[in-house]
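Some notes on the structure that comes next.
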Amino acid sequence: MSIHSINPATGETIHSFPVLQNHAIESILKSAATAQFHWKALDFNQRSAYFNKLAQILRQSRDKYAHLITEEMGKLLKEARSEVEKCALACEYYAEHAAAFLADEPIVSDAGRSYVSYQPLGVVFCIMPWNFPFWQVLRAAAPAMMAGNTVVLKHASNVPRCSLALEAIFREADFPENTFRSVLITSAQVEQVIASEHIAAVTLTGSKTAGRKVAAVAGHHLKKCVLELGGSDPFVILADADITFTAKQAVIGRFQNMGQSCIAAKRFIIVETIADEFISSFKDLVSQLRYGDPKNDATDIAPMARTDLRADLHKQVKRSLSMGAKLIAGGTFMQTQGAYYVPTILDQVRPGMPAFDEEMFGPVAAFVRARDVEDAVALANQTQFGLGASIWTQNITQGETAANEIQAGCTFINGIVKSDPRLPFGGIKHSGFGRELSYHGIREFVNVKTTWIK
Ligand SMILES: O=CCCCC(=O)O
């Protein structure tokens, strides 16, 4: 069996890689476990030096990695460059703060002295998606490794070259051998890895379906897991929102990364009184987006990552239309080679339609009309997901009250939802559990250990 790297802008197969045999996987896991034994013995300063070097390499070779990302999953080169820079920032952030985040904490109890310390768990198995093929990996690996764990990566099958490049960057930064390993394996081989005695814990960013399977296997083997799954983030536009500013942000929130992000704005819930004016501004802005070669900095519309994903998205659009949604723009494949989809706007979307109930992982904006702020919040919460949400209003008090009512891992007021190494990231409901980033993220894969001394 092979894993293929296919350029979504052209359909060309760039490279094929053999899938690892089961015995080869086991030997890599064993090496990662042996490496962890030495890695955990280093102090924070030593581990920080490695991550600062990694950040330096990422910055120095930013364009090389950005090209690789664009060739393999199609995103705009300018977005790929920012992704690589953000990875460098996350590495530096944990290099600087890990020691403080994991310092021993004295606790007053009936002991003469008692305290909590944070010890690494072992090898963390990271199952990562293709949509931010560098960022997702490093935001999981940097905290886990700064805490003293080692990492084995199973990347998405459409980004094998990114996966191997990441392993090579760790080597180039002179990390001790086997502290970060990438395995080119199929989803069917994931169970074997989770079950291995060499794996201590699992972190997955992926679909709800993958989350269920991984959690079941991890649960069976009694291993800690963190799940960062899908989302159908509401972008709630209240009657007093600044229409010009908000419409621009809405276009970015929906179409960046070609809408292929768990935290992309997906359901635009808008108070009826301003809906027509807002949708018309939004449509104008969307009509100005130019499609083309993702490597060209003048391009706004890149291909989606795979043609099968585009076909799935199109089915969701067609089903929503057949249930009464109104097509304002798009709704078709682009008549060109590559996995391009015309930026699409749907109005009159309601609960019960795929565009409301399901995650729309692509360039489709679904407008949902609400009577007032209470109705808007109720609609925002009428979803299986709970990852992010944004609220747009000139009345911050009203915005904060609404934000408090929204069931999500984060709410942004007058800003699009984004991740930041300093802030915890993760969801509730079917968006998963556990947190990445910030000091919450680094404490996911540690043994919170109590010491009690008479
Ligand atoms: O699919 C999840 C995307 C997360 C993107 C980010 O962290 O900015």
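All ligand and atom numbering here is 1-based and tracks the order in the structure.
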Protein heavy-atom partner closest to [atom] - residue, atom, separation in Å:
{"atom": "atom 3 (C) of ligand 1", "answer": "Cys262 SG, 3.0 Å"}
{"atom": "atom 6 (C) of ligand 1", "answer": "Ser419 OG, 3.1 Å"}
{"atom": "atom 5 (C) of ligand 1", "answer": "Phe132 CE1, 3.6 Å"}

Which of the numbered atoms in ligand 1 are under 4.0 angstrom from any heavy atom belonging to [X]?
{"X": "Ser261", "result": "1 (O), 3 (C), 5 (C)"}
{"X": "Trp135", "result": "6 (C), 7 (O), 8 (O)"}
{"X": "Arg139", "result": "4 (C), 6 (C), 7 (O)"}
{"X": "Gln136", "result": "1 (O), 2 (C), 3 (C), 4 (C)"}

Does a side-chain N-to-carboxylate-O contact under 4.0 Å join [X] and [Y]?
{"X": "Arg81", "Y": "Asp63", "value": "yes"}
{"X": "Asp308", "Y": "Arg306", "value": "yes"}
{"X": "Lys295", "Y": "Glu71", "value": "yes"}
{"X": "Glu228", "Y": "Arg435", "value": "no"}
{"X": "Glu92", "Y": "Arg59", "value": "yes"}

**Report entry** Sub-4.0 Å heavy-atom approach of Gln260 to ligand 1
**Finding:** no
Query raised in the report: Which one holds for Asn131 and ligand 1: side chain close, backbone close, both close, or neither close, with close meaning a heavy atom under 4.0 Å?
Result: side chain
Query raised in the report: Is ligand 1 under 4.0 Å from a heavy atom in the side chain of Lys86, in the backbone, in both, or in neither?
Result: side chain
Report task. Would you check if the side chain of Trp39 reaches a backbone N or O of Met145 as a donor-acceptor pair within less than 3.5 Å? Result -> yes
Query - Pi-cation contact, Tyr118 with Arg443 (under 6.0 Å, within 45°) - result: yes
